[in-house]
Amino acid sequence: MKKMIERCELHRREYFHEERLQKEQQVQDLKDEITIMVNSIELLQRHCRRLMGEDLDTCSVEELKEITIQIEKSLTIVRSRKAKLNEDEVGKLKAEIAGKRELLNERTRLHEMFEEKPLWMQSRNLESEKNASSSGCENIHISNVETDLFIGLPRRV
């Protein structure tokens with residue numbers, strides 16, 4: 001029984017020792033990864049500062065040329081995006097103007113069709129229409145129309 005307990009204890013120690021070694025290795029890997037990321041962040045920050053015009057005194061001539069080329073490319077991209085946005089906006093405004101022009105033409109056509117009268121004449125016409133509708137059948141025009149219709153029994157020939 002004692003040997004068995006000792007063997008279990010030995011296996012437990014070996015198991016926990018391996019587990020501890022694995023954890024230590026994982027921690028070391030994470031530390032290495034953090035170091036790499038911190039260095040990358042510092043490099044990106046330094047590059048960003050150089051693009052913003054800071055810390056240029058430490059740059060070589062080649063680095064300055066590269067920065068100039070990169071800034072020119074970025075500027076070209078920004079200008080093309082701006083031009084595209086302006087073109088889209090102009091297109092929208094042209095479509096809006098065309099729509100308004102159509103409405104104006106339609107309004108003009110309807111105005112000509114109905115020969116819209118000034119407001120002071122419209123108010124008089126409205127009053128005369130009200131008076132005519134209240135007086136009944138006075139304004140009904142009856143006209144005789146001749147037709148070949150015959151009311152009654154047919155004639156014998």
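Note that these values count all heavy atoms, side chains included, but never hydrogens, waters or copies made by symmetry. Heads up: numbering here begins at 1 and tracks the sequence.
- For the atom pair Q22 CD and Q25 CD, the distance stands at 9.5 Å (nearest 0.5 Å).
- Rounded to the nearest 0.5 Å, atoms OG1 (T68) and CG (L51) are 10.0 Å apart.
- Rounding to the nearest 0.5 Å places NZ of K94 at 10.0 Å from CD of E87.
- R46 is not listed as a side-chain neighbour of D55, based on a closest heavy-atom distance of 4.5 Å or more.
- H47 and Q70 share a side-chain donor-acceptor pair at under 3.5 Å.
- We find that E96 and K100 are joined by a salt bridge, their nearest charged nitrogen and carboxylate oxygen being less than 4.0 Å apart.
- Electrostatic pairing of K84 and D88 counts as a salt bridge here, judged by a charged N lying under 4.0 Å from a carboxylate O.
- Atom CG in D29 sits 12.0 Å away from atom CD in E24 (nearest 0.5 Å).
- Going from atom CD of E106 over to atom CZ of R101 covers 16.0 Å, rounded to the nearest 0.5 Å.
- Using a 4.5 Å heavy-atom threshold, the side chains of L56 and E63 count as separate.
- Counting heavy atoms from C-beta on, the side chains of L43 and S40 never come closer than 4.5 Å.
- Rounding to the nearest 0.5 angstrom, the gap separating the OG1 atom in T35 from the CG atom in L30 is 10.5 Å.
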